[in-house]
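Protein chains get the first letters and strands the later ones, always in sequence-line order, with residue 1 at the start of each. Just the heavy atoms: all of them, side chains too, but no hydrogens, waters or symmetry mates, feed the values below.
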Number of protein chains: 2
Amino acid sequence: MKEVSQTEFEVLDVLWQQYPASANDIIERLNQQKEWHEKTVKTLLNRLVKKHAISFEKQQRRYLYTPLIARDEYVESQSQSLVERLFKGKLSPLVAGFAKNKDLDKDDIAELKNIIASWEQENEAENKGN
Amino acid sequence: MKEVSQTEFEVLDVLWQQYPASANDIIERLNQQKEWHEKTVKTLLNRLVKKHAISFEKQQRRYLYTPLIARDEYVESQSQSLVERLFKGKLSPLVAGFAKNKDLDKDDIAELKNIIASWEQENEAENKGN
DNA sequence: CTTATTTGATTACAGGTGTAATCTTTAACT
DNA sequence: AGTTAAAGATTACACCTGTAATCAAATAAG
């Protein structure tokens, strides 16, 4: 699947919210936030189809669009790519950056602790006997 | 400062390794990894200058280039932008993704714990009396 | 059935990007 | 001093992007 551009992503992102969806559904959702011309959104939908990021099925004259990639997958690959490029693949410097800049609050810390605890539980078998 | 493209970033990134640096220095460093034509690198340097991402000072006929933005700043802004776009600004889902995909090892977890411990130490004053 | 409207398809068009080749200036060699 | 070589500046060019307008087909309205 070819790379999705910034604006194409914004369209894809509202499609992920709920799908299948018609062009008008998508335009309506987008207009909550962006002020895009209807034609612009249609163009982006078209390009997403050409890039095999979404597909459609005809319902009469209207199309109902559906993502071809899961948001989770996309998000994972984008995250990993960024961590690779900027931090040589290591996650912790990214987290350290957020911590330093006071971009974390007590709740974020609590969630991180939970993630770590879960990881350790899942991986404790390997440490048995170390 | 205008947005730096993917290839421009690769050039900037080797300049960050050590600067000031001549075009030839940079070309040499890049050729360890990429197979770029000398002319291509020069073009990218030129574009980085036009975008005010780097500057140069003439040393005879050669230029010595220097970054105008710190890697840390760039990295922070890229990280935050991605977390904003993909995770509504919350860091923990990104970390959770890495944890789930087995992209973390024992050392990564240890580093994350340290980051959290430091954060808590820095922020313990606010919890005094809670 | 003819016309107006809606919807997707095609075309537009300036600016960015990847990837160089050519031009120009200046320094080095003969 | 004249010619060559090296370095940066300018130009090239196809494809991508953002942002629509126009075209064409199909449906709805009269």
Side-chain angles (χ1 to χ4, degrees), chain A residues 1-15 19-68 74 78 81-82 85, chain B residues 1-15 19-68 74 78 81-82 85:
Chain A
M1 195 225 5
K2 292 213 47 131
E3 210 50 41
V4 166
S5 82
Q6 191 56 55
T7 50
E8 286 159 5
F9 167 75
E10 296 186 55
V11 172
L12 186 48
D13 208 21
V14 306
L15 180 57
Y19 59 84
S22 71
N24 277 347
D25 292 341
I26 292 167
I27 290 165
E28 202 178 324
R29 286 181 214 163
L30 280 167
N31 278 349
Q32 314 286 151
Q33 314 156 331
K34 308 272 299 187
E35 212 32 91
W36 266 337
H37 196 288
E38 167 218 358
K39 301 297 189 182
T40 301
V41 179
K42 299 267 184 93
T43 298
L44 295 172
L45 282 169
N46 244 290
R47 289 180 181 168
L48 284 165
V49 169
K50 289 219 180 91
K51 290 180 178 185
H52 305 292
I54 69 179
S55 67
F56 60 84
E57 75 176 305
K58 282 193 175 111
Q59 190 194 31
Q60 310 136 220
R61 80 262 86 169
R62 259 144 248 186
Y63 288 3
L64 290 187
Y65 295 93
T66 304
L68 284 179
Y74 178 83
Q78 292 295 303
S81 147
L82 177 131
R85 261 181 299 129
Chain B
M1 192 224 12
K2 292 214 45 132
E3 210 49 43
V4 167
S5 82
Q6 190 57 54
T7 50
E8 286 158 7
F9 167 75
E10 295 186 56
V11 171
L12 185 48
D13 207 21
V14 305
L15 179 56
Y19 57 86
S22 71
N24 277 348
D25 292 340
I26 293 167
I27 289 165
E28 204 179 323
R29 286 180 213 163
L30 280 167
N31 278 348
Q32 314 286 151
Q33 313 155 331
K34 307 273 301 187
E35 212 32 270
W36 267 337
H37 196 287
E38 167 218 357
K39 301 296 190 182
T40 300
V41 179
K42 300 264 185 95
T43 297
L44 294 173
L45 283 169
N46 244 289
R47 290 179 181 170
L48 284 166
V49 169
K50 290 219 180 92
K51 290 181 178 185
H52 306 292
I54 70 180
S55 68
F56 60 84
E57 76 177 303
K58 282 191 175 112
Q59 189 193 33
Q60 307 137 221
R61 82 262 82 172
R62 259 145 246 186
Y63 289 3
L64 291 187
Y65 296 92
T66 305
L68 284 180
Y74 178 83
Q78 292 295 305
S81 147
L82 177 130
R85 259 180 301 127

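- For A/K39 against D/dT22, a side-chain-to-base donor-acceptor contact under 3.5 Å is present.
- One interatomic measurement links the two molecules: NE2 of A/H37 to P of C/dT7, which rounds to 14 Å at whole-angstrom precision.
- Residue-level contact check: B/S22 touches neither bases nor backbone, having no heavy atom under 4.0 Å from any strand.
- Remark: the A/R47 side chain and the C/dT10 base include no donor-acceptor N/O pair separated by less than 3.5 Å.
- Using a 4.0 Å heavy-atom criterion, one finds that B/K51 contacts the sugar-phosphate atoms exclusively.
- Atom CD of B/E3 and atom P of C/dG16 are 12 Å apart (whole Å).
- Taking the six-membered ring where the residue is Trp, B/F56 and B/Y65 present perpendicular rings, their angle passing 60° and hence far from 30°.
- Contact annotation: the side chain of A/R47 never approaches that of A/V11 to less than 4.5 Å [non-hydrogen atoms, C-beta and beyond].
- When heavy atoms are screened at a 4.0 angstrom cut-off, A/Q60 is found touching no nucleic acid atom at all.
- Here A/S5 lies in heavy-atom contact (under 4.0 Å) with sugar-phosphate atoms only.
- At C/dA20, one or more side-chain N or O atoms of B/T40 fall inside 4.0 Å of OP1 or OP2 (strictly under the cut-off).
- Residue B/R61 has its side chain nearest to D/dA7 when only D/dA7, D/dT19, C/dG8 are considered.
- As rounded to whole Å, 13 Å separates atom P of C/dT7 from atom CG of A/L45.
- The NZ atom of B/K2 sits 8 Å away from the C1' atom of C/dG16 (whole-angstrom rounding).
- Between B/K50 and A/L44, it is B/K50 whose nearest contact on DNA chain D lies nearer the 5' terminus.
- The A/N46 side chain lies nearest to C/dT10 when the options are D/dT19, C/dT10, D/dA12.
- Of the candidate nucleotides C/dT19, D/dG8, D/dA20, D/dG8 has the atom nearest to the side chain of B/Y63.
- Straight-line distance from the CZ atom of A/R62 to the P atom of C/dG8: 8 Å, rounded to whole Å.
- Both B/T43 and B/E38 lie close to DNA chain D; mapped to their nearest nucleotides by heavy-atom distance, the more 5′-ward contact belongs to B/E38.
- At a cut-off of 3.5 Å, with distance as the only test, a side-chain donor of B/S22 or B/D25 sits close to an acceptor on the other residue.
- Residues A/T66 and A/I54 are not in side-chain contact: their nearest non-hydrogen atoms beyond the backbone lie 4.5 Å or more apart.
- Between A/E10 and B/R85 no salt bridge is recorded (no basic side-chain N to carboxylate O distance below 4.0 Å).
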